[in-house]
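Okay, so here's the structure we're looking at.
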Amino acid sequence: MSDEHQEKHSTLQDIIALRKEKVHQLREMGVNPYPYSFEVTHKSQEIIDNYESLENQEVSVAGRMMSIRIMGKASFVHIMDGKGKIQIYLSQQDIGEKAYAIFKMLDIGDFIGIKGRVMKTRTGEVTIKGESMTLLCKNIRPIPIVKEKDGVLHDAFRDKELRYRKRYLDLIVNPDVHEIFIKRAAILRWTREFFDAREYLEVETPILQPVYGGANARPFVTFYNALDTNFYLRIADELYLKRLLVGGFEKVYEISKNFRNEGIDRLHNPEFTAIEFYEVYVDYEYMMDLVEEYIQTIAEKSGKMTLTYEGHMIDFSVPFQRKAMFDLFEEFLGTDIREYEIPDLQALYKKLGRKVDSAWNYGQLINELFKECVESHLIQPTFVIDYPKAISPLAKIKRDGNERLVERFELYIAGNEYANAFTELNDPLDQRERLENQAKLRELGDLEAQVVDEDFLQAMETGMPPTGGVGIGLDRLIMLMTEQSSIKDVILFPAMRPETP
RNA sequence: GGGUGUGUAGCUCAGGCGGUAGAGCAGCGGCCUUUUAAGCCGUUGGUCGAAGGUUCGAAUCCUUCCACACUCACCA
């Protein structure tokens, strides 16, 4: 900058205006603020890790400037690349007067490329002694400045709303956030490896569905102009995966984004990622073994065979417990409610001093009771098995002849549900009856009851072999493995109310 | 939807017995060739979430609204 008058403002808008002016000035000086490419030979972390062999070698690095310390004719900056940070030393003597003048026009947040030689400063920090500097991207909108000393962050960027709304800033400034999403990607990769290795076929089924099904939830509705009809964003992919088994595939899985038009909280995001997998000729016992193996594989690869989650020590290394739902009721209620009907359950609610909605059906009463009285006790990985038929319209009746129960399990860890699975119902007559019962519940006001999918029923009539099937909430599994207590912290762009200025 | 809390400069936060705002960092102008929360001197910057109300006077008190966080409910 020349003999310009002193700028007197520093609101955000002023800073942006000033930086736009710098872009203009740089262009006039023959510097392209937005060039096309830059040759990188090393990542920051590689240089730090391999200092001995790289000392005094020429390297070329690129990254975003995260701090600048100008001391007259020499300066230190830290740049951050995808693998970490490294310090750069730049002096007017080494890079020349013009380049140094350009450097002094730059700001924290700019991307630069550096060619130079690896050295250590007198305090021992691995540093690149720059021999040339290239501006790679001029920042216009300033980033939060976070400083750190002895591992303690100062002025950390912690405002959760801003972090979620402006995730790119969160990622720039909070390196541990990077780690979570790298771990997320790894877990998804290990998941695919696990099923691919077992000859499961990865498939993709419709996200826009003319009839939604496969779970109890309210959907998002959208209007399809060309077909002049409503479509639904899927709440689950179950009914489509089963059609594929009818079609002759024997093992399929899909990692599916599902959408449920419900509340947002620590454990729920309206769009979330689940895996469902189905294998023919096996039952829920087999699937329990497979799920256990899967969870243990992910835990092992994550280096978390034991971990602390929500204050609980969780141990994945021992065999998971398997407990029947009504045994658990007996254990935690002290009452055998196997034969209870609606009035008995209502009486029990009263006795327990719990609020009860007189409109609740059997399934709702059982679900509530389980959530209230049992769930929070299930800390170590536990398969809850043998659910009432009334709350499991897609599961097969117990083979022992007990018509009230189905072959179903859910996996609980740290009081939360992680998996839901059945010996899949493949009797087309029974399936039709159960979905029709669900439809009746809908008419009675249960907005989450399932709807009848006629094409699905026709597929069942065509014949689906005996099958075991499982759904697992992957976001929650990722939360567990990264020890995060909010689903928002494992979803890059969690759902937020749109900003209204 | 209920409860609790938060919302003040770009970021992190003070202030809050009512007298229309402060700090650090960032920014801007200087000095500075091994610094690292660099330092030193100087300096700009705010419709105190929004709208009403009480008052001579509101960031501060009251009401409503908005957003977010935590939590309960809902959601297997």
Just by modelled atom types, is the A:Glu46 backbone N or O under 3.5 Å from a matching donor or acceptor in the A:Lys83 side chain? no
Is there a donor-acceptor contact under 3.5 Å from the side chain of A:Gln431 to the main chain of A:Pro393?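 Yes, the answer is positive, given that a donor and an acceptor are paired below the 3.5 Å cut-off.
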Within less than 4.0 Å of OP1 or OP2 of [N], is there a side-chain N or O belonging to [X]?
{"X": "A:Arg497", "N": "B:C66", "answer": "no"}
{"X": "A:Arg165", "N": "B:C68", "answer": "yes"}
{"X": "A:Arg260", "N": "B:C75", "answer": "no"}
{"X": "A:Arg69", "N": "B:A38", "answer": "yes"}
{"X": "A:Arg122", "N": "B:U35", "answer": "yes"}

Ignoring hydrogens and angles, state whether a donor on the side chain of A:Asp489 or A:Tyr164 is under 3.5 Å from an acceptor on the partner side chain.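 Yes - a donor-acceptor pair under 3.5 Å links their side chains.
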Evaluate the salt bridge (charged side-chain N to carboxylate O under 4.0 Å, His left out) criterion for residues A:Glu285 and A:Arg322: first the C-alpha distance (whole Å), next the side-chain angles of each, then the deciding distance (0.1 Å), finally the verdict. CA-CA 10 Å; A:Glu285 297 276 357; A:Arg322 301 182 181 194; 3.8 Å; yes
How far apart are the C-alpha atoms of A:Asn367 and A:Tyr387, what are their side-chain angles, what is the distance that settles it, and do they pass the side chain to side chain donor-acceptor pair (under 3.5 Å) test? CA-CA 10 Å; A:Asn367 270 334; A:Tyr387 282 65; over 6 Å; no
Return the 5'-most residue of the pair A:Glu148, A:Met119 with respect to RNA chain B, ranking by each residue's nearest nucleotide.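 Comparing both residues, the 5'-ward one is A:Met119.
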Please compare A:Lys149 and A:Lys104 by the position of their nearest nucleotide in RNA chain B and report the one closer to 5'. A:Lys104
With a 4.0 Å cut-off on heavy atoms, is [X] in touch with a base, just the backbone sugar-phosphate, or nothing at all?
{"X": "A:Ile70", "value": "base"}
{"X": "A:Ile391", "value": "base"}
{"X": "A:Ala156", "value": "sugar-phosphate"}
{"X": "A:Gln87", "value": "base"}
{"X": "A:Thr11", "value": "sugar-phosphate"}
{"X": "A:Arg141", "value": "nothing"}
{"X": "A:Arg408", "value": "base"}

So which nucleotide does [N] pair with, by the Watson-Crick or G-U wobble rule with both distances under 3.5 Å?
{"N": "B:C28", "answer": "B:G42"}
{"N": "B:C70", "answer": "B:G3"}
{"N": "B:C61", "answer": "B:G53"}
{"N": "B:A21", "answer": "none"}

May I have the distance from [X] (atom [atom1]) to [N] (atom [atom2]), rounded to whole angstrom?
{"X": "A:Asp159", "N": "B:G49", "atom1": "CG", "atom2": "P", "value": "14 Å"}
{"X": "A:His154", "N": "B:A38", "atom1": "NE2", "atom2": "C1'", "value": "13 Å"}
{"X": "A:Asp155", "N": "B:U12", "atom1": "CG", "atom2": "C1'", "value": "4 Å"}
{"X": "A:Phe157", "N": "B:U12", "atom1": "CZ", "atom2": "P", "value": "6 Å"}
{"X": "A:Asp107", "N": "B:A26", "atom1": "CG", "atom2": "P", "value": "12 Å"}
{"X": "A:Asn269", "N": "B:C68", "atom1": "CG", "atom2": "P", "value": "13 Å"}
{"X": "A:Lys73", "N": "B:U35", "atom1": "NZ", "atom2": "C1'", "value": "17 Å"}
{"X": "A:Ile68", "N": "B:U33", "atom1": "CD1", "atom2": "C1'", "value": "17 Å"}

Work out how far the [atom1] atom of [N] is from that of [M], and round it to whole angstrom.
{"N": "B:U6", "M": "B:G22", "atom1": "P", "result": "24 Å"}
{"N": "B:G7", "M": "B:U43", "atom1": "P", "result": "30 Å"}
{"N": "B:C70", "M": "B:C61", "atom1": "P", "result": "26 Å"}
{"N": "B:U60", "M": "B:U47", "atom1": "P", "result": "16 Å"}
{"N": "B:G46", "M": "B:U34", "atom1": "P", "result": "38 Å"}
{"N": "B:G19", "M": "B:G57", "atom1": "P", "result": "14 Å"}
{"N": "B:C74", "M": "B:U8", "atom1": "P", "result": "34 Å"}
{"N": "B:U20", "M": "B:C25", "atom1": "C1'", "result": "26 Å"}

What pairs with A:Arg158 under side-chain contact (heavy atoms from CB on, under 4.5 Å), at least two apart in sequence or on another chain?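 With sequence neighbours excluded, A:Arg158 shows a side-chain contact (heavy atoms from CB on, under 4.5 Å) to A:Ala156, given in chain and number order.
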Applying side-chain contact (heavy atoms from CB on, under 4.5 Å), can you list everything that pairs with A:Ser376, at least two apart in sequence or on another chain? none
Among B:U35, B:C75, B:U33, find the nucleotide with the atom closest to the side chain of A:Glu262.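 From the listed options, B:C75 comes nearest.
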Can you pull every protein N or O that's under 3.5 Å from an N or O on nucleotides 69-73 of chain B?
{"unit_1": "B:A69", "atom_1": "OP1", "unit_2": "A:Lys488", "atom_2": "NZ", "d": "3.4"}

Does A:Thr205 form a side chain to side chain donor-acceptor pair (under 3.5 Å) with A:Glu254? I'd like the steps, not just the answer. CA-CA 8 Å; A:Thr205 67; A:Glu254 179 170 18; 2.6 Å; yes
How close do A:Asn416 and A:Tyr418 get, counting heavy atoms only, and between which atoms?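 Minimum heavy-atom contact is O-CD1, 3.1 Å.
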Is the base of B:U35 touched by the side chain of A:Tyr89 through a donor-acceptor pair closer than 3.5 angstrom? no
Is the shortest distance from a Lys or Arg side-chain nitrogen in A:Glu58 or A:Lys115 to a carboxylate oxygen in the other one below 4.0 Å? no
